[in-house]
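A quick write-up on the structure given underneath.
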Amino acid sequence: MSTKKNNRRKALAVGFAIVGVAGLSLASASQLNLSWAGQYQAGNVTVEGECQESPISVAFSAPTFASGTTNPWTVQSVTFSSIDADCDGKQYRVAYKTNGAWVALADGAAATGVLTVSAPAGVDPSTITGFALSIANA
């Protein structure tokens, strides 16, 4: 009679262990949140963003000439214009693209109106195929 009682207890303990493990796995899975509800904003394409609603234009500063160098023309900065007031104080990141590779350029706090960042040093401006500007809550 005591072996029957022990077998029942063992079966009951194994059953509780299985239910416990299954419960933990479900609880762990329910903690994961792989969806992101944020929005990206970039360049001079109109997007529905959190703070930027008008198109942003991008321009190099006036070029300077230095004779006797391999590439005599250089630019000092890149300007992003028409940044909306709602983006004031939000974090920005700028990158540029050459030959299919994106390279991070600058980051900081955005201001209303014009955002100016230093042009990439040692990069021929004619090889840059695009700029990306991201503005987001910190």
Side-chain angles (χ1 to χ4, degrees):
M1 184 132 155
S2 69
T3 29
K4 196 175 194 184
K5 196 173 187 181
N6 281 341
N7 285 343
R8 187 180 299 169
R9 282 185 180 173
K10 286 181 187 176
L12 199 55
V14 168
F16 281 132
I18 290 172
V19 169
V21 169
L24 284 175
S25 350
L26 289 174
S28 296
S30 68
Q31 298 292 326
L32 297 176
N33 183 3
L34 300 178
S35 62
W36 183 67
Q39 297 174 334
Y40 288 108
Q41 302 179 69
N44 57 2
V45 177
T46 303
V47 295
E48 293 296 332
E50 293 178 4
C51 69
Q52 183 70 31
E53 295 196 19
S54 57
I56 296 175
S57 59
V58 182
F60 285 112
S61 62
T64 57
F65 182 79
S67 63
T69 62
T70 307
N71 182 17
W73 293 103
T74 60
V75 292
Q76 300 301 312
S77 61
V78 180
T79 302
F80 298 88
S81 301
S82 302
I83 296 177
D84 291 349
D86 288 347
C87 294
D88 191 33
K90 296 188 191 280
Q91 293 298 305
Y92 75 83
R93 289 186 179 226
V94 175
Y96 67 94
K97 185 177 184 180
T98 60
N99 300 325
W102 283 99
V103 179
L105 179 60
D107 59 11
T112 302
V114 176
L115 170 67
T116 302
V117 298
S118 295
V123 177
D124 180 355
S126 66
T127 64
I128 297 175
T129 58
F131 283 93
L133 171 63
S134 171
I135 302 173
N137 291 327

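Only this structure's heavy atoms are used, side chains among them; waters, hydrogens and symmetry mates stay out. As the structure is a computational prediction, the values presented were derived from the model and not from experiment.
- The two residues G130 and W102 have their closest heavy-atom pair at O-CZ3, 4.0 Å.
- A donor-acceptor pair is defined here as one N or O able to donate and one able to accept, closer than 3.5 Å; no such pair exists between the side chain of D107 and the backbone of Q91.
- Rounding to the nearest 0.5 angstrom, the gap separating the OG atom in S134 from the NZ atom in K90 is 12.0 Å.
- Taking every heavy atom of both residues into account, G89 and A109 meet most closely at O-CB, 4.2 Å.
- If you take CG on D86 and CD on Q52, they are separated by 9.0 Å, rounding to the nearest 0.5 Å.
- Atom CD1 of I128 and atom CG of N99 lie 11.0 Å apart (nearest 0.5 Å).
- In this structure a side-chain-to-backbone donor-acceptor pair under 3.5 Å is present from S61 to Q76.
- The two atoms that bring I56 and S82 nearest to each other are CG1-O, 4.3 Å, heavy atoms only.
- The aromatic rings of F60 and F131 sit perpendicular, their planes meeting at an angle over 60°, well past the 30° parallel limit.
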**Item:** side-chain contact (heavy atoms from CB on, under 4.5 Å) between D84 and C51, worked out
**Value:** CA-CA 7 Å; D84 291 349; C51 69; 6.0 Å; no

Review point. Going through the checks in order, is the side-chain contact (heavy atoms from CB on, under 4.5 Å) test met by F80 and V94?
Key: CA-CA 10 Å; F80 298 88; V94 175; 3.7 Å; yes

Using atom types as modelled, flag every donor-acceptor pair under 3.5 Å from a side chain in residues 110-126 to any protein atom, sequence neighbours excluded.
{"residue": "D124", "atom": "OD1", "partner": "N71", "partner atom": "ND2", "Å": "3.2"}
{"residue": "D124", "atom": "OD1", "partner": "S126", "partner atom": "N", "Å": "3.0"}
{"residue": "D124", "atom": "OD1", "partner": "S126", "partner atom": "OG", "Å": "3.0"}
{"residue": "D124", "atom": "OD2", "partner": "S126", "partner atom": "OG", "Å": "3.0"}

